[in-house]
Colleague: 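Quick one: the structure is below, questions incoming.
Since we're looking at a predicted model, the values are computed, not measured. Because only heavy atoms are used, hydrogens play no part in the values below, and waters and symmetry mates are left out as well, while side chains stay in. We name chains A, B, ... by the order of the sequence lines, and we start the count at 1 in each one.
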Protein chains: 2
Amino acid sequence: MKLDEFDRQIMDMLQKNARITIKEMAAVLTLSATPIFERIKRLEKNGLIDKYVALLNADLLGYKMVAFVQISLSQHNLKEVTAFVDRITVFPEVMECYHTTGDSDFLLKILVKDMDQFNDFILNKLSNIENLGKVKTQFALSTRKRTTEIDL
Amino acid sequence: MKLDEFDRQIMDMLQKNARITIKEMAAVLTLSATPIFERIKRLEKNGLIDKYVALLNADLLGYKMVAFVQISLSQHNLKEVTAFVDRITVFPEVMECYHTTGDSDFLLKILVKDMDQFNDFILNKLSNIENLGKVKTQFALSTRKRTTEIDL
DNA sequence: TGTGAAATGAGGCTCAC
DNA sequence: GTGAGCCTCATTTCACA
């Protein structure tokens, strides 16, 4: 799909603030409401705009701990890898899961309330999955940047 | 701030779809529009709802590469750490930056279009920062899960 | 084919109870 | 917490370039 400068600006405004009104966008872009509306619908239809979400404050909700878990599997064929992914991604603690290059096979980003919940995740959820090799955890002392905004 | 089951359900619906209407929420919760509206405003005011954003499809925008960069600093005092954070977080390629435990000091999540852009980031942006120790990169072969939804 | 102006309807928001 | 009503904005229609 071909994108022009208007499309990019519309996406950029929406990814910074999904509650911006079409009128407000019209004031910035020199364009009236209708074409902006139609461009948004087109961007949604083509999947460039994936979804609109509210971002919650994890800290205020008691989620105080972010951990990165590097995992090596003992078997690396397609079937084993798929089985692992299917089992690990259902856990709500798993915010992100990447199949990676390097020493380990997978990198998980885990969000939990405290060490107790992390411990429970490792012992009662992760460890029940077969085919696990090495597991190495790294904790976040602090989050210094976290954005969903793509550079346009 | 005290949260009840209604608050949690409202946040959960909004973090899944920020475009849901108050009427639709009212149909699910057995509650009329006004109290839902007031609860949302209260959640926003207290910071539990941080912001509303559109999530864009990075792949369709040409951003094909996710990398994780582990960085050790050669100096670890507060001043040096802060200086590093201030310099690294301004780059749009840096989607996330965590100060971490473990072998390295920082973990960056980098989003770029291709290897050229990654190379440019490493050589012309990251490498210009003083105080760098070891840098170790891991690429994502594929993203198997990625969510902004917190378990409520 | 794509834009701007005007009409319509739905939903956010306020108020009295 | 409920229901009525205002009012803005999203959405549609249509004329025009």
Colleague: Round to the nearest Å and state the distance from A/I20 atom CD1 to C/dG12 atom P.
Modeller: 18 Å

Colleague: What is the distance, to the nearest angstrom, from the OH atom on A/Y52 to the P atom on D/dA10?
Modeller: 11 Å

Colleague: Nearest to the side chain of A/P35, heavy atoms from C-beta on, is which of C/dC13, D/dT2, C/dG4?
Modeller: C/dG4

Colleague: May I have the distance from A/F37 (atom CZ) to C/dA6 (atom C1'), rounded to whole angstrom?
Modeller: 16 Å

Colleague: Return the nearest nucleotide to the side chain of A/I22; candidates are D/dA10, D/dG1, C/dT3.
Modeller: D/dA10

Colleague: Answer yes or no: is there an ion pair linking B/D114 with B/K64, defined by an N-O contact shorter than 4.0 Å?
Modeller: no

Colleague: Please pick, from C/dT3, D/dT2, C/dG11, the nucleotide with the shortest atom-to-atom distance to any side-chain atom of B/T21.
Modeller: C/dG11

Colleague: Scan B/R39 against the nucleic acid and name what it touches under 4.0 Å (heavy atoms): base, sugar-phosphate only, or nothing.
Modeller: sugar-phosphate

Colleague: In this structure, are over 12 heavy atoms from other groups packed under 6.0 Å from A/D103 atom CG?
Modeller: no

Colleague: Kindly say whether, by distance alone, the side chain of B/T34 makes a donor-acceptor pair under 3.5 Å with the base of D/dG3?
Modeller: yes

Colleague: Among C/dC13, C/dT3, D/dC9, which nucleotide sits nearest the side chain of B/K41?
Modeller: C/dC13

Colleague: Could you see if B/Y52 belongs to whatever hydrophobic cluster contains A/I10? Use Ile, Leu, Val, Met, Phe, Trp, Tyr and a side-chain cutoff under 4.5 Å.
Modeller: yes

Colleague: Do B/M65 and B/F68 belong together in a cluster built from hydrophobic side chains that touch within less than 4.5 Å?
Modeller: no

Colleague: Would a single hydrophobic cluster contain both B/L73 and B/V94, if residues Ile, Leu, Val, Met, Phe, Trp and Tyr are joined by side-chain heavy-atom contacts under 4.5 Å?
Modeller: yes

Colleague: When you match A/E38 and B/A33 each to their closest nucleotide on DNA chain D, which lands nearer the 5' end?
Modeller: B/A33

Colleague: What is the distance, rounded to the nearest whole Å, between atom CG of A/D4 and atom C1' of C/dG2?
Modeller: 12 Å

Colleague: Which whole-number value in Å describes the distance from B/I36 CD1 to D/dG3 C1'?
Modeller: 14 Å

Colleague: Identify which nucleotide among D/dC9, D/dT11, D/dG1 has an atom closest to any side-chain atom of A/K23, counting heavy atoms from C-beta outward.
Modeller: D/dC9

Colleague: For the pair made of CD1 in A/I40 and P in C/dT3, what is the distance, rounded to whole Å?
Modeller: 13 Å

Colleague: On DNA chain C, nearest-nucleotide positions of A/R19 versus A/S32: which is more 5'?
Modeller: A/S32

Colleague: Starting from C1' on C/dG2, measure out to CZ on A/R42 and report it in whole angstrom.
Modeller: 11 Å

Colleague: How many whole angstroms separate atom CE of B/M25 from atom P of C/dC13?
Modeller: 11 Å

